[in-house]
Amino acid sequence: MAKQAYEYFKIDPWKMIEEGFNHERNKVAESIFSIANEYMGVRGYMEEGVSTDTLLGSYFNGIYENGLKENETHYKGIVKRTHFMVNSVNWLYTKILINGIQLDVNKQEIRNFTRSLDFKTGEMKRSFILVLDKNREVKFTFRRFLSMRPPIYGYQRIEIEALKDSVDVEMEVGLDYSILHWGKYNFWDVLKHDGDSHSVKAIGKTKTTNQHVFSGYELKTNSKVKTEPFSSEKVIGHKMTFVLNNEKIQIDKLTTNIIDKNTESKNPNLWEDGIEHLSKQPIYQIAFEENQKYWEKVWHDYDIEIIGDEKNQQGIRFCIFQLQQTYNGVDPSNNIGAKGLTGEAYSGHAFWDTETYCLPFFIFNNPKASKNLLMFRYHTLDNARKRAKDLDCIGACYPIATLNGDEACDLWQHASLQFQPSTAVSYGIWHYVKNTLDKEFLYDYGIEMLIEISRFLLSRGDWNHNHTKFGFYGVMGPDEFQMMVNHNAYTNFMAKKTFDYTLEVMDELKRIDSKKYIKLSDELNIKQNELKAMNEASKAMYIPYDKENLLYEQHEGYFDLPHIDVDKIPVEDFPLYSHWSYDRIYRNDMIKQPDVLMFMFLYNQSFSKEEKKANYDYYEPRCIHESSLSPSIHSVFAAELGKMDEAVKFFGFATRMDIDDYNRNTCEGLHTTSIAASWINIVYGFGGFRSDGDSLVLNPVIPPMWKQYSFKFKYLGNLITVVVNKKQVEITCHGQGVELMIYGKKYQIKSNLKVSKDVAS
Ligand code: BGC
């Protein structure tokens with residue numbers, strides 16, 4: 001694998017730390033030091049501004065804008081207008097002039113620069129000393145955090161200390177709605193604002209989607225600091241001037257942000273609601289302590305400890321921390337963007353990544369949040385129905401990329417040919433219900449989605465000319481380097497699973513609640529012959545397979561494709577999309593990410609070890625891991641197959657992908673899916689956890705350089721801790737007790753169990 005780590009941040013088990021300012025790494029650091037709480041997020045930018053590459057990104061989950069113009073295509077099914085998460089009010093707006101010169105760490109002499117993010121409190125802190133001359137030095141400390149509960153509150157603290165002679169300070173703090181998106185366009189109108197000597201508030205509106213954001217703050221400062229409100233067209237705030245004599249002042253800005261995502265009807269009480277919440281906002285210290293308690297609970301329940309590997313210890317905690325910041329079950333109208341709330345790449349869109357990569361973490365840590373994620377799909381079922389019609393099909397086709405439920409990907413080969421988002425939703429429902437037993441969700445919401453997805457698949461799939469095989473023609477599977485193929489094994493396999501599960505649930509509902517079954521059948525107009533057709537399609541589903549070599553063929557004809565040796569591709573050619581013409585990528589057997597291995601991962605226990613080995617050995621050398629979704633899945637297989645060196649190599653790549661900027665694009669935002677996949681990598685990879693069979697399975701292995709590791713998960717009300725060392729596996733259960741299959745043997749665990757690793761084969 002040609003990708004290399006760029007080691008820049010300091011290693012620490014509970015923090016991210018940058019020591020010394022390096023303007024070339026500024027945007028990477030901004031992504032790494034992002035803070036969020038699912039409701040909103042801000043990158044770790046320098047609020048006072050800096051004269052180097054920077055992205056002042058401030059985002060709200062579900063606040064978006066429409067693409068600049070409509071695509072004037074007459075081709076049916078091609079997306080006419082995209083949408084994207086829009087950069088929103090910069091509520092950290094700050095300007096500082098010391099002795100008349102604007103503070104800028106890139107231009108002025110500074111020392112002792114540090115930026116850090118504490119996983120135990122969620123606070124980001126930045127400090128440095130500005131050296132004006134030998135008699136004048138000023139120490140700055142900037143702190144910020146977002147309240148996890150309630151998630152509408154943001155906190156900023158600025159401390160300025162004259163270390164030697166006195167200095168004159170002029171400052172502005174405020175709310176800036178003039179923020180630029182893509183560094184070019186502003187999408188905000190300020191509808192209303194108001195202010196007095198210690199507070200301001202304003203409502204901004206997005207230009208074409210008509211969504212509203214209330215932002216208001218209260219300043220808490222020493223009496224020495226005289227504050228005076230000001231406003232320009234889109235910046236509202238306070239100016240302050242004061243002289244600092246060998247002393248320190250502290251300015252706290254307590255900000256309330258409330259969004260109204262509705263694009264049609266405006267909340268008439270937004271202004272009053274905002275003011276009321278602002279008046280109740282707790283002070284910095286109190287909210288900080290509340291946050292500390294929140295994170296204490298998170299680490300109590302979700303921590304992964306690795307003894308003997310400091311780098312990956314930091315990596316995995318960073319991943320858990322960032323995933324929790326991105327999504328934690330606040331609101332079922334939120335989803336998880338491929339870059340979370342940390343940047344504008346991928347336009348803030350959610351992908352099939354949510355159900356296949358992120359959902360497991362939530363199912364086994366925070367079931368309420370996992371239900372919310374599925375409810376997002378339920379609430380956007382009508383959009384998916386419309387998309388199916390656009391594609392000349394029936395039922396519901398879920399979008400490849402979206403914020404509001406509509407398809408937002410304007411690359412037709414992805415938006416029109418990839419169906420893994422739809423099968424991922426059905427997989428997600430199955431996986432969630434199987435491991436939470438939430439049948440209420442299944443019968444009230446899940447089944448409707450399953451029926452509509454199955455209808456779509458039935459109408460998009462086809463029979464071959466002599467009616468012996470069913471499958472999908474002209475598709476693209478998860479591997480985006482093979483397009484317009486027939487019988488992609490992943491698509492066919494997952495469609496078969498979707499049909500089977502839909503029919504199983506319909507059958508079950510008929511047995512246990514016939515009234516509900518009849519009501520559902522009437523409402524959705526389900527006909528018996530439709531169910532029969534699904535059954536026939538499933539039975540005849542063609543999944544290309546070479547029996548002799550135990551190999552699934554990625555799609556019909558894949559084995560005949562020209563071979564290229566991916567290790568011979570020069571490193572300068574990456575990312576390939578920018579260096580190879582699009583069509584050149586499609587003309588050989590190179591793959592971007594797991595495709596066959598992907599369905600073998602999702603339904604792991606349906607395949608024998610020999611099959612897994614054969615397919616891993618065949619496909620891994622053909623994969624260039626151009627997607628951040630790739631390394632962790634390979635690591636899981638490598639761990640299962642006893643290829644520990646490879647498992648460790650892929651794991652390090654996945655877990656520290658952003659910290660060490662492996663893909664050289666962390667500056668654009670964090671790879672949230674890879675972050676979620678790191679958890680999968682430990683729990684399913686080294687822990688050998690399996691959740692697709694009759695009982696939960698554990699087959700832990702331990703990388704040679706680790707002394708011990710532990711992870712936790714929740715299952716049916718139990719909190720289970722698994723500690724693995726070279727000799728044994730210890731499982732502790734808090735709750736009623738669970739049944740676990742460990743190294744092939746079933747155990748009922750009530751409180752504690754130790755299994756010697758000698759029993760592992
Ligand atoms: C991958 C997709 C993924 C998307 C967002 C792409 O590079 O090929 O599978 O859904 O990134 O993470």
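Keep in mind that what you see is a predicted model, and the values were worked out from it rather than measured. We count ligands from 1, going down the list as the structure has it; atoms in each ligand are counted the same way.
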Go through ligand 1 atom by atom and flag the ones less than 4.0 Å from a non-hydrogen atom of Trp352. 2 (C), 3 (C), 9 (O), 10 (O)

Run the ring-centre check on Phe607 versus Phe493 and record whether the distance is less than 6.0 Å. yes

Is the distance between the ring centroids of Phe637 and Tyr619 less than 6.0 Å? no

Result of checking Phe362, Tyr357, Tyr684 against Trp679 for side chain to side chain contact (heavy atoms under 4.5 Å, CB included): Tyr684

Using a 4.0 Å heavy-atom cut-off, say whether Lys592 meets ligand 1 through its side chain, its backbone, both or neither. side chain

Sub-3.5 Å N/O-N/O distance, Tyr346 and ligand 1: yes

Check Asn492, Asn486, Asn488 against Glu556 for a side chain to side chain contact (heavy atoms under 4.5 Å, CB included) and give me the one that passes. Asn486

Within the 4.0 Å heavy-atom cut-off, what Ile400 brings close to ligand 1 is neither

Determine, using ring centers only, whether Tyr558 and His555 are less than 6.0 Å apart. yes

Heavy-atom contacts with Ser627 under 4.0 Å: which atoms of ligand 1 show up? List them by number with element. 1 (C)

Tell me: protein heavy atom nearest atom 2 (C) of ligand 1, and distance? Glu480 OE2, 3.7 Å

Nearest to atom 10 (O) of ligand 1, what protein heavy atom do you find, and at what distance? Asp353 OD1, 2.7 Å

If the plane angle is over 60° it's perpendicular, under 30° parallel, otherwise tilted; pick one for Phe599 and Tyr552. perpendicular

Is Gln593 touching ligand 1 with its side chain, its backbone, both, or neither, if touching means heavy atoms under 4.0 Å apart? side chain

